[in-house]
2 protein chains.
Amino acid sequence: METLRERKKQRTREALLRTALELFTTQGYEGTTVDDIADAVDVSQRTFFRYFAGKEEAALALQEMTVAHFLQAVRERPPHEAPMEALRQAVLEGWDALNDVIEAVVPVELYLRMYQVVESTPVLLAAHLRRSVEAEEAIARILAEREGVDMDTDPRPRLAVAVFGGVMRLTERQWSSGEDFSLDAMRALTVSHLEQVGPALSESWRTR
Amino acid sequence: METLRERKKQRTREALLRTALELFTTQGYEGTTVDDIADAVDVSQRTFFRYFAGKEEAALALQEMTVAHFLQAVRERPPHEAPMEALRQAVLEGWDALNDVIEAVVPVELYLRMYQVVESTPVLLAAHLRRSVEAEEAIARILAEREGVDMDTDPRPRLAVAVFGGVMRLTERQWSSGEDFSLDAMRALTVSHLEQVGPALSESWRTR
DNA sequence: TGTCAATTGTCAGAGGCTGTCATTAGCCTC
DNA sequence: GAGGCTAATGACAGCCTCTGACAATTGACA
């Protein structure tokens, strides 16, 4: 944050992002136009598009941070951990540290509300899912390197990540639609779901 | 297909769909405007939107058929099969019968080419993923009923489907980017991936 | 054949997004 | 600290997706 110019840019971006999220969570994503956001921040519509590739990018900026944060967490896992255990620990610790990461930009409460907007807005959910898939590719690469296997010939890295990703997305959805909408609840749901993957894949459920 | 009116409608819809897919696969999805499609079929742009909710819906019409077909296949699985086995059999048989289902509307070759367009066009991929997630919810419901469990208290139906869906989406992607782009190759990939889910989730991969 | 209803075309307009060009404002050197 | 340089912004103009409204057309049916 050296020059005045950069500080101004930073402030404009943050104002746009904060305002956008505020409007999205109050009037809904579709109910908010880019003009609404630009007007509220008192910049031209054109300027908005110079900071964000589109409305969607502003709406998913926090999710983007979450993903980056999670990727880093996976990279920092001790090498002796088994792949799935490394992923598991990365998410759990991730949820802990995320609070500070988010709070540095916007109130966490806004993040949580925005999560529900994403989950309940078809176009946003679609974009979110696509980004998740892209993240999975990156994670698979990290795992492959950790374990010293070749992703092009060994499908296990991508498979493990696909399974893990499937479970995590289910967890996200359950969380955002449940009543206890806190990071602690997310932790608990994550643990519970990962514990039950085995049973869910077992022979039959009726013998229980 | 009783009245002349209905026949005309059917023909218009098919012409729009076929033309749309043809253009998408030759000029790309983004490179094709709705006007291009409407003009080629000699219909007003407004009419296109009376048949398809949007450009996207036309592009994913075949995938929609595939999903519906797969859902039906799952429903028809014998009740004694374990959940994952029922899903597995449904996909495998699904790929067999799909040929006829598609060919009734457009050449299968167009379907295959369109698959690659979907996979390589961000907005289409995003929409496709969202639809897949919606389909997963429906499948979970079918499984829960088969097994006589309550989806609201037992996470296993959704978990099993999430895992299965994750694997299938990975399979789709590998398939569409591989060189052997046939339904047989898809079958083989499906079998192979499902076989390796277990190993991928096991402790460590280095002991191999 | 004439009435009714469904299908379509035309027009107007909102909203997302991009290219272009002039204007403004911070930065840096002499 | 004046002037030149460059980055940031604003102001248009325009394309594309999608929707509502109304008129014109065309098949259905008595």
Side-chain angles (χ1 to χ4, degrees), chain A residues 1-17 19-21 23-24 26-61 117-118 121-128 130-131, chain B residues 1-17 19-21 23-24 26-61 117-118 121-128 130-131:
Chain A
M1 229 110 330
E2 281 299 313
T3 78
L4 187 147
R5 197 124 87 182
E6 290 171 42
R7 264 177 288 139
K8 263 191 154 177
K9 253 174 73 173
Q10 191 67 25
R11 255 182 286 145
T12 304
R13 194 196 139 84
E14 276 182 20
L16 281 172
L17 182 55
T19 306
L21 298 183
L23 290 176
F24 291 158
T26 51
Q27 324 177 348
Y29 177 74
E30 317 265 1
T32 306
T33 70
V34 174
D35 283 323
D36 288 341
I37 304 166
D39 289 350
V41 181
D42 207 57
V43 291
S44 71
Q45 188 214 52
R46 195 67 182 84
T47 294
F48 174 90
F49 285 110
R50 287 198 178 97
Y51 283 90
F52 299 96
K55 221 171 105 172
E56 181 188 299
E57 195 180 289
L60 295 178
V117 174
V118 171
T121 307
V123 290
L124 277 188
L125 179 57
H128 176 59
R130 182 173 55 76
R131 284 157 178 251
Chain B
M1 228 111 331
E2 280 299 313
T3 77
L4 168 70
R5 209 174 243 175
E6 289 173 41
R7 265 177 285 140
K8 263 192 154 177
K9 252 175 75 173
Q10 192 67 25
R11 255 182 285 145
T12 304
R13 195 197 139 84
E14 277 183 21
L16 282 171
L17 182 55
T19 306
L21 297 182
L23 290 176
F24 291 157
T26 51
Q27 325 177 349
Y29 177 74
E30 317 265 3
T32 306
T33 70
V34 174
D35 283 324
D36 287 342
I37 304 167
D39 289 349
V41 182
D42 205 58
V43 175
S44 74
Q45 187 215 54
R46 195 64 182 87
T47 293
F48 174 92
F49 285 109
R50 288 200 176 98
Y51 283 90
F52 299 96
K55 221 172 106 170
E56 183 187 300
E57 195 181 288
L60 296 178
V117 173
V118 171
T121 307
V123 289
L124 277 188
L125 179 56
H128 176 58
R130 183 174 55 76
R131 285 157 178 252

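Throughout, protein chains are lettered first and strands after them, A, B, ... in sequence-line order, and every chain is numbered starting at 1.
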Query raised in the report: Which listed nucleotide (D:dT9, D:dC18, D:dA21) is nearest to the side chain of A:Arg50?
Result: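 Nearest to the side-chain atoms of A:Arg50, counting from C-beta on, is D:dT9.
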Requested in this report: Can you sort out the partners of A:Arg131 under salt bridge (Lys or Arg N to Asp or Glu O under 4.0 Å), two or more places apart, ordered by chain and number?
Outcome: A:Glu64
**Report entry** Test salt bridge (Lys or Arg N to Asp or Glu O under 4.0 Å) applied to A:Glu14 - qualifying residues, sequence neighbours left out
**Finding:** A:Arg18
Query - Any A:Thr47 side-chain N or O less than 4.0 Å from OP1/OP2 of D:dT9 - result: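 For D:dT9, OP1/OP2 do not have a side-chain N/O of A:Thr47 under 4.0 Å.
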Query raised in the report: Which residues satisfy the side-chain hydrogen bond (donor to acceptor under 3.5 Å, both in side chains) test with B:Asp36, sequence neighbours excluded?
Result: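 Only B:Thr33 meet the side-chain hydrogen bond (donor to acceptor under 3.5 Å, both in side chains) criterion with B:Asp36.
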Requested in this report: Could you pull out all residues at least two apart from A:Thr47 that satisfy side-chain hydrogen bond (donor to acceptor under 3.5 Å, both in side chains)?
Outcome: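 Partners of A:Thr47 by the side-chain hydrogen bond (donor to acceptor under 3.5 Å, both in side chains) criterion, ordered by chain and then number, come out as A:Ser44.
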Report task. Just report the end-to-end axis angle for the helix from C:dT1-D:dA30 to C:dC30-D:dG1, five pairs per end, to 10 degrees. Result -> 10°
Query raised in the report: In whole angstrom, what separates A:Glu2's CD from D:dA7's P?
Result: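 Roughly 17 Å, once rounded to whole Å.
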Query raised in the report: Considering only heavy atoms, which members of residues 51-59 of chain A lie under 4.0 Å from some atom of DNA chain D?
Result: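 When residues 51-59 of chain A is checked for heavy atoms under 4.0 Å from DNA chain D, the hits, listed by number, are A:Tyr51.
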Query raised in the report: Partners of A:Phe49 by ring-ring contact (aromatic ring centres under 6.0 Å, His included), sequence neighbours excluded?
Result: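 ring-ring contact (aromatic ring centres under 6.0 Å, His included) list for A:Phe49, sorted by chain: empty.
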Query raised in the report: Who pairs with B:Tyr51 by ring-ring contact (aromatic ring centres under 6.0 Å, His included), at least two apart in sequence or on another chain?
Result: none
Query - A:Ala127 versus A:Leu60, closest heavy-atom pair with distance - result: CB-CD1, 3.6 Å
Polar atom pairs between nucleotides 12-15 of chain D and protein, under 3.5 Å, N or O only, would you list them?
none

Table of protein N/O atoms under 3.5 Å from nucleotides 23-26 of chain D N/O atoms:
none

Requested in this report: Provide the full list of salt bridge (charged side-chain N to carboxylate O under 4.0 Å, His left out) pairs with a residue in residues 47-58 of chain A, sequence neighbours left out, each pair given once.
Outcome: A:Glu56-A:Arg130
Report task. Give the first and the last nucleotide of DNA chain C, reading 5' to 3', that has any atom under 4.0 Å from a heavy atom of chain A. Result ->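 Span of nucleotides near chain A: C:dG15 to C:dC27.
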Report summary line: Rounded to the nearest 0.5 Å, the OH atom of A:Tyr29 sits from the CG atom of A:Leu124 at a distance of 5.0 Å
